[in-house]
Amino acid sequence: MIRSTDGSAMPAITGFEETSAPGPRAGGIAARALGGGRPSPYLDKLNPEQRRAVETVDGPVLVLAGAGTGKTRVLTTRIAHILATGRARPGEILAVTFTNKAAREMKERISGLVGPSAEGMAWLGTFHAIGTRILRRHAELSGLRSDFTILDADDQIRLCKQIIQAEGLDDKRWPARQMHSLIDGWKNRGLTPDAVPLGEARAFANGRGADLYKAYQERLRVLNAVDFGDLLMEPIHIFRSHPDVLASYQERFRYMLVDEYQDTNVAQYLWLRLLAQGNRNLCVVGDDDQSIYGWRGAEVDNILRFEQDFPGAAVIRLERNYRSTGPILAAASHLIGHNEGRLGKTLFTEHEDHDAEKLTVASAWDSEEEARAIGEEIESLQRKGKSLDEMAILVRASFQMREFEDRFVTLGLPYRVIGGPRFYERREIRDALAYFRVIVQPADDLAFERIINTPKRAIGEVAVKTLHDTARARQIPLFQAAIELTQTEELKPKTRTALKDLLASFGRWRSELDRLTHTELAEIVLDESGYTEMWRMDRSADAPGRLENLKELVRAMDDFESMASFLEHISLVMDTENDAGSEAVTIMTLHAAKGLEFDTVFLPGWEEGLFPHQRAVDESGQAGLEEERRLAYVGLTRARQRIFVWFAVNRRVHGMWQSTVPSRFLDELPEAHVEVREQGGYGGYGGYGESRFDRVEPFSSTYSTPGWERAQRRKAGGAQRSREPMTIEGELVAKSVADHEPAFAIGARVFHQKFGNGTVSAVEGNKLTVDFDKAGRKRVLDSFVQKT
DNA sequence: ATATATCATGTTTTT
DNA sequence: CATGATATAT
């Protein structure tokens, strides 16, 4: 078996830790201790390419690190090397990651190499955490106070809604969600309101897109708040308008490192480039084949263009894979080879593994059977002594998870779901936090509005609207408006008393702020506000869980100094403590799996429309398809030893059964390394036993199946649509099936693969209601029936 | 103001 | 199907 050499934590270097006493110059001390021509022991563990990536310290470096080639090891060792050779102190290295988890891991591993001096790495963190740090220092240059609030997606959407309404627009026609994603997209690309391309700005709200964006920004300033995008945008703005500030950071950051560079967006790129213009000691590590966040603004171009942006950059390829068996690497490479526009890497392994398993491809009648079969496979592996911790099911979309959970619950098979709603995104947690936010920051209108009538206290829509009007007219925060309105007769008596009570409570809580510990106060607030009572009275199934979460929240607060520091922290670090717990199979999305590895990987749902996802192909055409393929590549390369790819011949989509077509990605796996499981399978690969369910053509001829052609047609249509401007006279064209010709008349006889023959009784767009001779009345998509 | 009915909607997700 | 958001009735 091939074990990743970077899979386990690196041992601390003996003889190194003792010499590296804590302190600002620990690196220097260590360097001296290591000096005199003594080899640096940490370098011995590296292969030649890795070593080059570590030792090429000065100037721009692009490290193209394929999956499982020791990317993290290179990054951490490089930092250790810089510290150990005394080139920089811990505080002079900028190291950026995308997730808090990655940052945490990196810090831990550096500690393992250089000892406690890693703690001094104040600038190791996510783009957003570092952006926040910079922005807090120079808040006034952005019209903010340094105690600004960071809004999350939920707050942002509510703010958008308020602005849409304030502008007198119909919030039905122009959904806040859409405005939010537009603004988000613009910020991802580093665009300020006046820089938004006209065409795009026009597409929203009758051409007022950019105005709304501007209004949104102004509103943020009034609230003394920023959104995630601002955490990058504002530092860029400060750097550009204050060269002295920029220069001080350029000087400070003697070495810069970026992880997962293929995931950077334009704003992050601009931010980095400004900082790197100083000494150009920028090292980026990434894998263009693992870029799967394009839909969120990541620009693969950033990595593809690095050499042009930083002339003279050293390019180092890490292709030696320590993770997977030959067949797995061959399959992954073959599949990704179908993409164009790659920098091109070929993974290889030096290990001869004669008994390496081929990939298994299998089919199920429907998704239920797929879950059942995978459950059986897992149990069988378990009987052979394999650990559940080393097995993962990687799905394309989270709705696929449920079927597995259901099945595993009945089997009593322990599983762990990664992803899903995070702890701090849950309703009860956000409500509780809103209370705390109002206490700490009375001007936090969004928080105040969230809980003004939660629990129900007779302050309804009308009252809130009055509050808003007053606040806007007088240019004061909602809370202030509330205070003033309780002095007048404008509100209904009942509402007025309720509001008065609430305000009085807040006054009381605020005065307790320094008398009590923040955890005590939190308990009092949740109690006195009636919030816990609300859930205790709630008879629904999830109420007890919510109460439990609230307790957990208070427990978590204990780790922080004060209420304010707690709030500061959670807006950036929104990840749940992952319960290590006991042995369990992991279920997660392919996206969430990036960076992880398992002995056994199950990849269910390889069907056209689901994977590649229809929407990715429709909305982004060829680029979308290639990103889906990279996702498949990520999935395959998570496995160390064995992979089971599955597809279901029938799948329930939005409640109705649809027959499916196997994913084109299946055809892109190399036959020599794939074993098609015939037993009990559907799909008749290789012309095997024809059954009455047989509609899936053999591998080689999938391209001629009606389904594949349909997919191609859809793709062509989709690509066309997305190339054309999305607007006609400033109006967004509905993305739906406007171009759909009603191909079926009422009374037409049709045939459906699952339900057999029937008569069309109603047509509604592309949805048909069909009375089937055997199966009764069903609603089906027209693309799944044929005229007879 | 709030409880209930009806309706549209439906990837991937960090910060 | 299942959820959330909005219209309607109480």
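In what follows, chains carry the letters A, B, and so on, assigned in the order in which the sequence lines appear, proteins first and then strands, with residues in each chain numbered from 1.
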Item checked: Partners meeting ring pair (Phe, Tyr, Trp, His ring centres under 6.0 Å) with A:His138 (sequence neighbours left out) -> A:Tyr249
Check: Given atom NE2 of A:His180 and atom C1' of B:dT13, what is their separation to the nearest angstrom?
Finding: 12 Å
Notebook entry, point to check: Is the distance from OP1 or OP2 of B:dT15 to the nearest side-chain N or O of A:Asn100 less than 4.0 Å?
Noted result: yes
Next item on the list: For A:Gln268 and B:dT14, give me the distance from atom CD to atom P, rounded to whole Å.
Entry: 14 Å
Next item on the list: Could I get the full list of ring pair (Phe, Tyr, Trp, His ring centres under 6.0 Å) partners for A:Phe566, not counting sequence neighbours?
Entry: A:Phe560
Next item on the list: Side chain of A:Thr126 only, please: which of B:dT15, B:dT2, C:dA2 is the nearest?
Entry: B:dT15
Note to self: Near DNA chain B, counting only heavy atoms under 4.0 Å, which residues of residues 492-501 of chain A show up?
What the structure shows: none
Next item on the list: Applying salt bridge (charged side-chain N to carboxylate O under 4.0 Å, His left out), name anything that partners A:Arg402, two or more places apart in sequence or on another chain.
Entry: A:Asp406
Checklist line | With A:Trp535 via side-chain hydrogen bond (donor to acceptor under 3.5 Å, both in side chains) - residues at least two apart | finding: A:Tyr531
Next item on the list: Have a look at A:Val653 and say if it touches a base, only the backbone sugar-phosphate, or nothing, with a 4.0 Å heavy-atom cut-off.
Entry: nothing
Margin query: Show me the pairs that pass salt bridge (Lys or Arg N to Asp or Glu O under 4.0 Å) and involve residues 493-502 of chain A, at least two apart or across chains.
Written below: A:Glu489-A:Arg496
Check: Between B:dT2 and A:Asn453, is there an OP1 or OP2 to side-chain N/O distance shorter than 4.0 Å?
Finding: yes
Margin query: Rounding to an integer number of Å, can you tell me how far A:Arg104 CZ sits from B:dT15 C1'?
Written below: 13 Å
Next item on the list: Could you point out which residue of A:Phe127, A:Tyr261, A:Tyr293 forms a ring-ring contact (aromatic ring centres under 6.0 Å, His included) with A:Phe98?
Entry: A:Phe127
Next item on the list: Describe the nucleic acid contact of A:Asp263 in one word from base, sugar-phosphate, nothing, applying a heavy-atom distance below 4.0 Å.
Entry: nothing
Checklist line | Which residue lies more 5' along DNA chain B, comparing A:Glu461 with A:Phe98 via nearest heavy atoms | finding: A:Glu461
Item checked: Interatomic distance where CZ belongs to A:Arg133 and P belongs to B:dT15 [whole Å] -> 18 Å
Next item on the list: Return the set of residues passing salt bridge (charged side-chain N to carboxylate O under 4.0 Å, His left out) with A:Glu449 (not counting sequence neighbours), or none when no residue passes.
Entry: none
Notebook entry, point to check: Atom CG of A:Leu596 and atom P of B:dT13: how far apart are they, to the nearest Å?
Noted result: 13 Å
Item checked: salt bridge (charged side-chain N to carboxylate O under 4.0 Å, His left out) partners of A:Arg137, counting only residues at least two apart -> none
Check: Given A:Asp287 and A:Lys71, is the salt bridge (charged side-chain N to carboxylate O under 4.0 Å, His left out) satisfied, shown in steps?
Finding: CA-CA 10 Å; A:Asp287 181 357; A:Lys71 169 188 72 126; over 6 Å; no
Margin query: Using the ring pair (Phe, Tyr, Trp, His ring centres under 6.0 Å) criterion, which residues pair with A:His613? Sequence neighbours excluded.
Written below: none
Checklist line | Reading 5' to 3' through nucleotides 4-12 of chain B, protein heavy-atom contacts under 4.0 Å coded B for base, S for sugar-phosphate only, - for none | finding: ------BBB
Check: Who passes salt bridge (charged side-chain N to carboxylate O under 4.0 Å, His left out) against A:Glu428, sequence neighbours left out?
Finding: A:Arg546
Item checked: Nearest-angstrom distance from the residue atom CD of A:Glu403 to C1' of C:dC1 -> 12 Å
Next item on the list: Provide, to the nearest angstrom, the distance between the CG atom belonging to A:Asp406 and the P atom belonging to C:dC1.
Entry: 14 Å
Notebook entry, point to check: Contact class for A:Arg427 vs. all strands (heavy atom < 4.0 Å): base, sugar-phosphate, or nothing?
Noted result: nothing
Item checked: Separation of B:dT15 P from A:Phe228 CZ (nearest whole Å) -> 8 Å
Notebook entry, point to check: Hey, is the main chain of A:Ala397 close enough, under 3.5 Å, to the side chain of A:Gln400 for a donor-acceptor pair?
Noted result: yes
Report, one pair per line, the protein and nucleotides 6-10 of chain C atoms (nitrogen or oxygen only) whose separation is under 3.5 Å.
from: C:dT6; atom 1: OP1; to: A:Lys161; atom 2: NZ; distance (Å): 2.9
from: C:dT6; atom 1: O3'; to: A:Lys172; atom 2: NZ; distance (Å): 3.4
from: C:dA7; atom 1: OP1; to: A:Lys172; atom 2: NZ; distance (Å): 3.2

